[in-house]
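Read the structure below first, then the notes.
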Amino acid sequence: MKRKRIKQLLDNPATGEDVLVKGWVRTRRGNKNISFIALNDGSTINNIQVVAENSAFDESLLREITTGACLAVSGKLVESQGQGQNVEINASSIEIYGKCDAETYPLQKKGHSMEFLREHAHLRFRTNTFGAVFRIRHAMAYAIHKYFNDRGFYYLHTPIITGSDAEGAGEMFHVTTLDLKNPPLTETGEVDYSRDFFGKVTNLTVSGQLEGELGALSLGEIYTFGPTFRAENSNTPRHLAEFWMIEPEMAFYDLEDNMNLAEDFVKYLITYALENCSDDLGFLNNMIDKGLLERLKFVVANDFVRITYTEAVSILTAASRKWEYPVGWGRDLQAEHERYLVEEHFKRPVILTDYPKEIKAFYMKQNDDGKTVRAMDVLFPGIGEIIGGSQREEDHDKLLNRINELNIPIKDLWWYLETRKFGTAPHSGFGLGFERLILFMTGMSNIRDVIPFPRTPKNAEF
RNA sequence: UCCUCAGUAGCUCAGUUGGUUAGAGCAACGGACUGUUAAUCCGUGGGUCGCCGGUUCGAGUCCAGCCUGGGGAGCCA
């Protein structure tokens with residue numbers, strides 16, 4: 001008999017048929033006559049109830065059906081006599097693939113703290129919460145590719161190892177094959193990277209943007225979706241040392257087009273989840289965050305507020321409120337300021353644009369006022385900046401001047417500058433932090449719980 | 001990295017001004033129960049009190065250092 005997924009049985013229950021399911025025991029209840037086994041195979045958050053008449057099975061086999069054990073069960077799918085489910089399987093045979101010693105298995109029938117489960121990341125997939133989170137994570141990854149593919153964007157693979165040290169997005173992880181105990185040295189006593197694997201200093205990428213621009217300036221619209229690495233000593237519920245980022249980059253888009261895309265994109269993803277992950281979202285809404293569904297629907301239904309940095313500073317200055325950090329034109333906005341705008345003043349997602357050039361990256365398009373750049377940050381309730389992007393500076397000389405002002409070594413960026421020399425074009429793009437999106441989508445509160453194996457300072461277990 | 005809180009049974013926690021043998025609920029295990037839904041009821045076992053020093057007649061409790069984790073901040077996505 002061919003195995004059926006539990007999702008399939010529950011979605012289209014063909015009662016009366018013999019079925020075969022395989023999965024892991026969530027709980028087993030019963031008395032000396034009958035056993036009820038809740039079985040889950042990961043296809044859905046819902047379990048199927050297996051009913052076994054104890055007299056039909058060896059006592060030793062029944063004893064081994066404990067929480068966590070892996071079973072193959074065949075039997076007839078019937079309407080349930082009990083209240084909690086529509087259908088159940090009357091087991092005719094049970095095979096135990098993997099026993100699970102109840103005395104040493106870390107997961108219990110009852111709830112565990114997120115911290116405890118994080119330390120058991122190899123097993124936490126077996127919980128309802130993490131099953132839901134990682135099914136949603138998958139659905140979002142798929143929806144991202146679908147969104148862009150349907151709109152003529154090309155998926156571009158930008159390098160993970162980079163020789164460019166000029167992206168300026170944070171501390172980088174060094175990549176080397178040199179013997180750290182005994183590295184080759186130059187005459188002046190420095191490490192001689194010309195004898196390293198790539199013949200130069202290399203790092204793990206902090207962004208695929210610069211390479212993404214190269215693709216956009218010929219392919220038109222591209223996006224990247226890959227791992228990103230930051231060696232910052234950040235210890236917060238919103239930061240990872242290894243995370244996934246989506247970076248679309250579009251020729252002929254100005255900042256307005258860029259904002260329109262970002263807003264449409266995020267709303268599409270939320271809508272996709274609402275339509276395709278309702279069981280998992282419903283569970284998370286009940287167990288993790290009672291306001292989750294309401295918030296997701298609200299974001300889809302309402303326009304994002306769009307204001308300039310300068311307008312935001314005015315609002316913050318006028319707010320009758322004490323700031324821990326001062327507000328003033330030219331200062332970067334702090335978390336408390338962003339939170340006020342999103343969660344109190346506007347009570348909806350906010351896109352801030354046209355920041356002072358001093359607090360933004362070198363590649364952003366300079367406005368005519370000489371003071372601001374065509375930047376945009378999309379701020380979300382609860383998680384802060386979910387998207388950061390800009391129109392890019394396409395003017396070769398303006399870009400070169402800015403690079404020189406910031407003392408960025410041109411030898412690392414000659415190829416980037418050449419795109420402005422040969423057939424330059426107005427273009428824009430942004431970066432969306434995938435895990436921050438998943439935080440918002442699931443109502444989870446710590447970013448370490450929305451990536452299967454989090455990498456953070458002092459933690460690379462599993 | 002800074003601020004702050006915490007670390008006691010498998011899990012979640014209590015533990016009095018420092019004082020004899022460190023407790024509870026849940027889980028596990030044994031038993032009862034004719035269909036259970038985080039089943040229920042009765043019973044049993046289970047401890048390097050994060051680590052290392054110090055103070056003291058005596059430290060889970062007080063002090064110093066370190067480690068780990070949570071929350072907040074910075075950096076950012």
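Chain letters run A, B, ... following the sequence lines, proteins first and then strands; every chain starts at 1. Keep in mind it's a predicted model, so treat the numbers as computed, not measured.
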So, for [X] and [Y], is the gap between ring centers shorter than 6.0 Å?
X        : Y        : value
A:Phe453 : A:His122 : no
A:Phe225 : A:Phe434 : yes
A:Phe380 : A:Phe304 : yes
A:His138 : A:Phe134 : no
A:Phe125 : A:Phe130 : no

Practice task
Using side chain to side chain donor-acceptor pair (under 3.5 Å) as the criterion, point out the one residue from A:Asn40, A:Asp41, A:Asn128, A:Thr27 that pairs with A:Asn47.
Solution key: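 Of the listed options, the one satisfying the test is A:Asn40.
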Exercise for the section: Please work out the stems of RNA chain B from pairs that are Watson-Crick or G-U wobble with both distances under 3.5 Å, keeping only runs of three or more consecutive pairs. Expected result: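 Stems (3+ consecutive pairs) listed as B:1-7 with B:67-73, B:10-13 with B:23-26, B:28-32 with B:40-44.
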Practice task
By nearest nucleotide on RNA chain B, pick out whichever of A:Glu119 and A:Glu336 is the more 5' one.
Solution key: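 Result: A:Glu119.
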Using a 3.5 Å distance criterion without hydrogens, assess whether the side chain of [X] forms a donor-acceptor pair with backbone atoms of [Y].
X        : Y        : answer
A:Gln85  : A:Ile48  : no
A:Lys360 : A:Pro356 : no
A:Arg392 : A:Gly429 : yes
A:Thr271 : A:Lys267 : yes

Which pairs would a plain distance check flag for residues 4-22 of chain A, meaning a side-chain donor or acceptor within less than 3.5 Å of a matching protein atom at least two apart in sequence or in another chain?
residue : atom : partner : partner atom : Å
A:Lys7  : NZ   : A:Asp11 : OD2          : 3.1
A:Lys22 : NZ   : A:Tyr97 : OH           : 2.9

Distance, rounded to the nearest Å, where [X] contributes [atom1] and [N] contributes [atom2]:
X        : N     : atom1 : atom2 : result
A:Glu232 : B:C2  : CD    : P     : 15 Å
A:Ile387 : B:C76 : CD1   : P     : 17 Å
A:Leu439 : B:C76 : CG    : P     : 19 Å
A:His239 : B:U1  : NE2   : P     : 15 Å
A:Phe430 : B:C76 : CZ    : C1'   : 17 Å
A:Glu324 : B:G72 : CD    : P     : 13 Å
A:Ile34  : B:A39 : CD1   : P     : 15 Å
A:Leu39  : B:U36 : CG    : C1'   : 16 Å

Is any side-chain N or O of [X] closer than 4.0 Å to OP1 or OP2 of [N]?
X        : N     : result
A:Arg28  : B:A39 : no
A:Arg238 : B:G71 : no
A:Asn235 : B:A73 : no
A:Arg29  : B:U36 : no

Describe the nucleic acid contact of [X] in one word from base, sugar-phosphate, nothing, applying a heavy-atom distance below 4.0 Å.
X        : answer
A:Arg339 : sugar-phosphate
A:Tyr325 : sugar-phosphate
A:Leu240 : base
A:Ile383 : nothing
A:Pro237 : sugar-phosphate
A:Ala335 : sugar-phosphate

Handout entry: Euclidean distance for C1', B:G71 against B:U48 (whole angstrom)
Key =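 About 29 Å, rounded to a whole number of Å.
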Handout entry: C1'-based separation of B:G60 from B:G15 [nearest Å]
Key =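 To the nearest whole Å, 8 Å.
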Handout entry: Set of residues satisfying ring pair (Phe, Tyr, Trp, His ring centres under 6.0 Å) with respect to A:Tyr147, sequence neighbours excluded
Key =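 In terms of ring pair (Phe, Tyr, Trp, His ring centres under 6.0 Å), with neighbours along the sequence ignored, A:Tyr147 is linked to A:Phe265, A:Tyr268.
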Practice task
Please name all residues satisfying ring pair (Phe, Tyr, Trp, His ring centres under 6.0 Å) with A:His157, sequence neighbours left out, ordered by chain then number.
Solution key: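 By the ring pair (Phe, Tyr, Trp, His ring centres under 6.0 Å) rule, A:His157 matches A:Tyr155.
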Practice task
Only counting residues at least two apart or in another chain, list the ones meeting side-chain hydrogen bond (donor to acceptor under 3.5 Å, both in side chains) with A:Glu394.
Solution key: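 A:Glu394 satisfies side-chain hydrogen bond (donor to acceptor under 3.5 Å, both in side chains) with A:Lys365 once adjacent residues are dropped.
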Exercise for the section: Decide yes or no, distance alone: a donor-acceptor N/O pair under 3.5 angstrom between the base of B:C76 and the side-chain of A:Ser234. Expected result: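 Side chain to base: no pair below 3.5 Å.
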Practice task
Could you work out which one of B:G70, B:U68, B:U1 sits closest to the side chain of A:Lys458?
Solution key: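 In terms of side-chain proximity for A:Lys458, the closest of B:G70, B:U68, B:U1 is B:U68.
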Practice task
Consider the side chain of A:Asn233, meaning its heavy atoms from C-beta on, and name the nucleotide among B:U1, B:G35, B:G71 that approaches it most closely.
Solution key: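 My answer, after comparing the listed nucleotides, is B:U1.
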Exercise for the section: Please list all pairs passing the salt bridge (charged side-chain N to carboxylate O under 4.0 Å, His left out) test where one or both residues lie in residues 138-148 of chain A, with sequence neighbours left out. Expected result: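 The answer is A:Lys146-A:Asp150.
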Problem - side chain to side chain contact (heavy atoms under 4.5 Å, CB included) against A:Pro457, all qualifying residues, sequence neighbours excluded - result: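 Expected list: A:Asn233, A:Asn235.
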Problem - Residues within residues 45-62 of chain A bordering RNA chain B, heavy-atom distance below 4.0 Å - result: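 Contacting residues: A:Gln49.
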Exercise for the section: Within residues 80-89 of chain A, find the residues that approach RNA chain B with a heavy atom at under 4.0 Å, and present them sorted by residue number. Expected result: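 Per residue number, the list reads A:Ser80, A:Gln81, A:Gly82, A:Gln83, A:Gly84, A:Gln85, A:Glu88.
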Problem - ring-ring contact (aromatic ring centres under 6.0 Å, His included) pairs, two or more places apart, involving residues 70-93 of chain A - result: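 Qualifying pairs: none.
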Practice task
Grab the two heavy atoms, one from A:Phe36 and one from A:Gln49, that are nearest each other, plus how far apart they are.
Solution key: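 The pair with the smallest heavy-atom distance is CD2-NE2, 3.6 Å.
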Problem - Contact letters for nucleotides 4-15 of chain B, in which S counts primed atoms plus P, OP1 and OP2 and B counts the base, heavy atoms under 4.0 Å - result: ------BSS---
Contacts under 3.5 Å, N or O only, protein and nucleotides 30-34 of chain B:
residue : atom : partner : partner atom : Å
B:C33   : OP2  : A:Lys32 : NZ           : 3.0
B:U34   : O4'  : A:Asn33 : ND2          : 3.1

